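Notes for the one structure printed next.
Remember, it's a predicted structure, so these values are computed and weren't measured experimentally.
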Amino acid sequence: MYLNRIGRRVTNIRNTTSPHWRGWLKPENRCLVPFNSFAEYAPEPNPETKKKDVVWFALNDDRPLTAFAGIWTEYRGYRGTKSKPIPGPHLVYGFLTTTPNAIVAPIHDKAMPVILTTDEERDVWMRAPWDEAQVLQRPLPDDALKIVARGEDKEDRAAA
């Protein structure tokens, strides 16, 4: 997780035009956050279970390894619980988000992670100046992502 200057946990970074984020958009603070699949809660409860389903997304049913565009930094404050605080430094990260594509929008209409699917995209993210890298903060094409599981399970067991 990424912590902002006031200590609030942040995992999603959308407004990269904000002065708060500008300092961390340089290549030395960028990282790749690997994943096989990611989840969002369905907007409405399942009529049968009365609980919101967990909806899993991946590039395809094989759930190949790919990456989110991430930003990392060192946080020198305390982490953990109030009863067991752990002093820093801690290496923390968050990942960029963008407008959702047509696959994610019915489940989460506010945002989706910035997904880097090719070696070229990952290289641009890690090395290019911000004016070049910022074009990667876009939704993945609709046909490049699919729902691979849906239900109560909070773990995508097929990705293991």
Side-chain angles (χ1 to χ4, degrees), residues 1-44 52 54-59 63-147 154-156 159:
M1 276 188 226
Y2 191 84
L3 299 179
N4 69 15
R5 291 183 182 147
I6 58 173
R8 191 170 60 92
R9 293 179 184 189
V10 176
T11 56
N12 302 335
I13 303 162
R14 177 127 186 226
N15 185 4
T16 53
T17 61
S18 164
H20 176 78
W21 296 114
R22 253 185 253 144
W24 287 300
L25 295 174
K26 300 178 292 260
E28 56 266 26
N29 286 100
R30 295 185 204 151
C31 64
L32 299 172
V33 181
F35 77 97
N36 297 86
S37 60
F38 70 94
E40 296 287 355
Y41 281 100
E44 301 297 326
K52 290 185 177 185
V54 180
V55 181
W56 289 92
F57 300 89
L59 298 182
R63 294 158 173 84
L65 185 64
T66 194
F68 298 143
I71 295 175
W72 75 276
T73 192
E74 185 178 283
Y75 176 69
R76 296 189 174 274
Y78 285 88
R79 303 273 323 259
T81 63
K82 287 183 181 182
S83 64
K84 294 183 181 178
I86 303 166
H90 305 279
L91 299 179
V92 294
Y93 73 93
F95 53 87
L96 270 63
T97 61
T98 188
T99 307
N101 67 10
I103 306 305
V104 176
I107 307 302
H108 192 279
D109 63 356
K110 291 187 171 56
M112 69 177 287
V114 172
I115 300 171
L116 308 173
T117 61
T118 67
D119 288 340
E120 180 182 355
E121 288 174 343
R122 291 184 284 270
D123 186 62
V124 167
W125 177 247
M126 294 300 294
R127 301 179 202 290
W130 178 243
D131 63 337
E132 291 176 41
Q134 70 183 344
V135 301
L136 296 169
Q137 191 175 12
R138 79 305 178 231
L140 203 60
D142 298 341
D143 64 352
L145 193 66
K146 69 181 287 187
I147 293 174
K154 294 183 180 175
E155 182 177 330
D156 182 7

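Contact between I71 and C31 at its shortest, heavy atoms only, is N-SG, 3.8 Å. Closest non-hydrogen pair, L59 versus T117, comes out as CD2-CG2, 4.0 Å. Considering all non-hydrogen atoms of both residues, P141 and N101 come closest at O-ND2, 3.7 Å.
Using a 3.5 Å distance cut-off with no hydrogens or angles, the side chains of Q137 and T16 do pair a donor with an acceptor.
By the 6.0 Å contact criterion, CD on E28 is enclosed, its count of non-hydrogen atoms from other residues, nucleotides or ligands being greater than 12.
Taking S83 as the reference, T81 meet the side-chain hydrogen bond (donor to acceptor under 3.5 Å, both in side chains) condition, with sequence neighbours excluded. Listed by chain and number, the residues in a side chain to side chain contact (heavy atoms under 4.5 Å, CB included) with L65 are P34, N36 (sequence neighbours excluded). Listed by chain and number, the residues in a ring-ring contact (aromatic ring centres under 6.0 Å, His included) with F38 are F35, F57, F68 (sequence neighbours excluded). Scanning for salt bridge (charged side-chain N to carboxylate O under 4.0 Å, His left out) contacts around K110 gives an empty result, with sequence neighbours left out. By the side-chain hydrogen bond (donor to acceptor under 3.5 Å, both in side chains) test, E40 is found to be paired with no residue, residues two or more places apart in sequence or in another chain being considered. Judged as a side chain to side chain contact (heavy atoms under 4.5 Å, CB included), and not counting sequence neighbours, K82 has no contacts. A search for salt bridge (charged side-chain N to carboxylate O under 4.0 Å, His left out) contacts involving R122 returns D119, not counting sequence neighbours. Legend: residues meeting salt bridge (charged side-chain N to carboxylate O under 4.0 Å, His left out) with D123, ordered by chain and number and at least two apart, are R127. Remark: R63 engages D156 in a salt bridge (charged side-chain N to carboxylate O under 4.0 Å, His left out) (not counting sequence neighbours). Taking the side-chain hydrogen bond (donor to acceptor under 3.5 Å, both in side chains) definition, one finds that S18 meets it with nothing, sequence neighbours left out.
One distance of note links CG of L25 with CD1 of I13; it measures 8.0 Å at 0.5 Å rounding. Rounded to the nearest 0.5 Å, atoms CH2 (W56) and OG (S37) are 5.0 Å apart.
Within the 3.5 Å criterion, the main-chain N or O of L96 finds no donor-acceptor partner in the side chain of R14.
Note on residues 132-142: pairs passing salt bridge (charged side-chain N to carboxylate O under 4.0 Å, His left out), not counting sequence neighbours, are E121-R138. Counting only residues at least two apart or in different chains, salt bridge (charged side-chain N to carboxylate O under 4.0 Å, His left out) contacts with residues 65-74 comprise E74-R76.
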